Protein chains: 2
Amino acid sequence: MTGTASRPTLEAVAERAGVSRATVSRVVNGGDGVREPLAERVRRAVEELGYVPNQAARSLVTRRHDAVAVVIAEPETRVFADPFFALQLRGISKELTAHDSQLVLLLTEGRDDHARVGRYLAGGHVDGALVFSLHLDDPLPGLIHGAGVPTVFGGRPGWGDGPPDAVPAVYVDCDNRGGAREAVRHLVGLGRTRIAHITGALDQTSAVDRLDGFRDVMADAGPELVVEGDFTPAGGERAMRELLERRPDVDAVFAANDLTAAGALRVLREHGRRVPEDVAVIGFDDMLAVAEQTDPPLTTVRQDIEGMGRLMARLLLRRIDGGVAEPGPEDSSGGVVLPTALVRRASA
Amino acid sequence: MTGTASRPTLEAVAERAGVSRATVSRVVNGGDGVREPLAERVRRAVEELGYVPNQAARSLVTRRHDAVAVVIAEPETRVFADPFFALQLRGISKELTAHDSQLVLLLTEGRDDHARVGRYLAGGHVDGALVFSLHLDDPLPGLIHGAGVPTVFGGRPGWGDGPPDAVPAVYVDCDNRGGAREAVRHLVGLGRTRIAHITGALDQTSAVDRLDGFRDVMADAGPELVVEGDFTPAGGERAMRELLERRPDVDAVFAANDLTAAGALRVLREHGRRVPEDVAVIGFDDMLAVAEQTDPPLTTVRQDIEGMGRLMARLLLRRIDGGVAEPGPEDSSGGVVLPTALVRRASA
DNA sequence: CTGAAAGCGCTAACAA
DNA sequence: TTGTTAGCGCTTTCAG
């Protein structure tokens, strides 16, 4: 079977099986009301001809696509240094596969791409969208809403607690604030008193929430103990350097994620500070590829990233299957927040 | 514009502009033979109605999908610990976007998934496929070939130098063997004499080629200097431990990739060996997130991963546009092999 | 240069 | 239970 030879159609199968197209269609789609001997004949014809339904024709009439868009709106190169997205993707992929749905990946690299994504979503190519890594000023939510496509967000969207109008946004997030609190409390329990925080990119809610968690516990921490980072190792290095300058007596650092912590660790070593003896360090994410590889291995806040991906996909599929109007039991509240857990290793 | 309200059709636009559907179609698709005043009227109608063509209907008649499948066949969790795929994906995404093509991601986790992928590809959902990380015993090439879809492979496929029959497979790879040679020669130039190699997963051609490169230079190396790894940090650790046991006098290690090298580095430190004084270490890939973060930073062989992704996409699009039968200038040879470059950091 | 009309392959009423 | 018959929205000859 070489080349571009046109695939067999329903019609061909029907002819071969000696039945009508409708009957073949029924068998192909679950074969409910077809008597066994006939159904069997159809199945054999399908087999012999190597028939595969033409999705375009099917979509045209059903208005279903069995495809979901995954939009990753990360203008920085961060997406690709950070295993975070890969893990979510895996969770999503598993869930979609189980549901016979395809994953259309939309990577955006900047402003211009947003329009393209909006157009794609509006074009009715997919049944729904999973959207990640929104930034506060992102025009995407508006575009998506305008496209009228069922959507689930990864991470709490940044427009306060609801989208522009009354429809509650569905999202999945981890308990950033609670996790941060637990991390900082652990540091306090270690007897540390000059605890600093290197934030993530503050145009993302996850970074803001983690900072809030830090402040919940360290309400009286001086402003010089909070340095802005950007979720990258380089940002972590920069911030750590500044921190050591501002407060040479710092004895603990809570970093907004593991990558940031890894950068901080390097600067601390460079400055001859021992970890955890002189400075205790805690990260966030429990990205194994990072947290287990640092020296010393990183104490960090674990979140179930792959699980979040799965859950997002599940919520979306439920919305799609049930129709946009009917929220399921899990998403009635708008957002689902998953718990975190402190993982102790050597760094704190 | 809320809800699932049905999108405007060509017909609606035609009516609004006071022309026929055919004319609207012409304008929407480049507007070749339409006189300006009319074309303008159509464009305005499109704008006002927010018309977006229905891809399913279009595909049904054109048999084009403007979509490409990216198949990543990595049963292990490796895909997700390794930024490698993310980088390729970015390159691919950029190129496809520029060509107005969509990226459908097919992740496979095992045998069962292969059938699903084969079915999908055969189903005529996409115009072509980009396939990665094939293993030697992989049934995928056969399925893909049977599906009759234009395909470009990432990495030299493992079936010798050609696919089952005469059609030469198109692939993009880096010069694994040459890069390995350069790395090992560098070690030799450093005066090292007991140079070991930790291989990658030997069911992949990249690992085999790198091993061959090692042997090209170290033809007389004892078999105990070659230990099998699997491209993961854990594999690197295991291999390094075994190596130290077999040959405590080892003074250099060429690891099959950066992740492996990172694992080896950790074991060396654990054993009190100084790098590079006691043991020089070189990796492969120049994955910045890894190579720059190790202690000491890793000397490694760079390959332009994102560039490979772009090139793969470009070759595929050319095949699609030109028809399967007409190989372009770049792919006439079957495979394209990109050069590598040694990047010196502190570890060797 | 523009319009009319014929499908692309499939599903879903509706009849039989 | 099975077959007949309309389209889904679009492109593309073919006339005009």
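All heavy atoms count here, side chains included; hydrogens, waters and symmetry mates do not. So you know, we letter chains A, B, ... as the sequences are listed, proteins then strands, and number each from 1. As the structure is a computational prediction, the values presented were derived from the model and not from experiment.
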### Message
Salt bridge or not between A/R43 and A/E36? Use side-chain N to carboxylate O under 4.0 Å.
### Response
yes

#### Entry: Candidate nucleotides D/dG7, D/dC10, D/dT12, ranked by approach to the side chain of B/R58 - the nearest
D/dC10

### Query
Is there a side-chain polar atom (N or O) of A/R35 under 4.0 Å from OP1 or OP2 of D/dT1?
no

#### Entry: OP1 or OP2 of D/dT11 under 4.0 Å from side-chain N/O of B/T62
no

### Message
Does D/dG3 have its OP1 or OP2 closer than 4.0 Å to a side-chain nitrogen or oxygen of A/T23?
### Response
yes

### Query
Is there a side-chain polar atom (N or O) of B/S20 under 4.0 Å from OP1 or OP2 of C/dT2?
no

### Message
Is it the case that D/dG3 (base atoms only) and A/R26 (side chain only) share a donor and an acceptor within less than 3.5 Å, ignoring hydrogens and angles?
### Response
yes

### Message
With a 3.5 Å cut-off and heavy atoms only, can you find an N or O donor on one side and an acceptor on the other between the side chain of A/R21 and the base of C/dT11?
### Response
yes

### Query
Do any N or O atoms from the side chain of B/T23 and from the backbone of B/V19 form a donor-acceptor pair under 3.5 angstrom?
no

### Residue-phosphate contact under 4.0 Å: B/N29 side-chain N/O, D/dT11 OP1/OP2
yes

### Query
Is the shortest side-chain N/O distance from A/T9 to OP1 or OP2 of C/dG9 below 4.0 Å?
no

### Task
Using a strict 4.0 Å threshold on nitrogen-to-oxygen distance, state whether B/R64 and B/D321 make a salt bridge.
yes

### Query
NE2 of A/H125 versus C1' of D/dG9: gap in Å, rounded?
13 Å

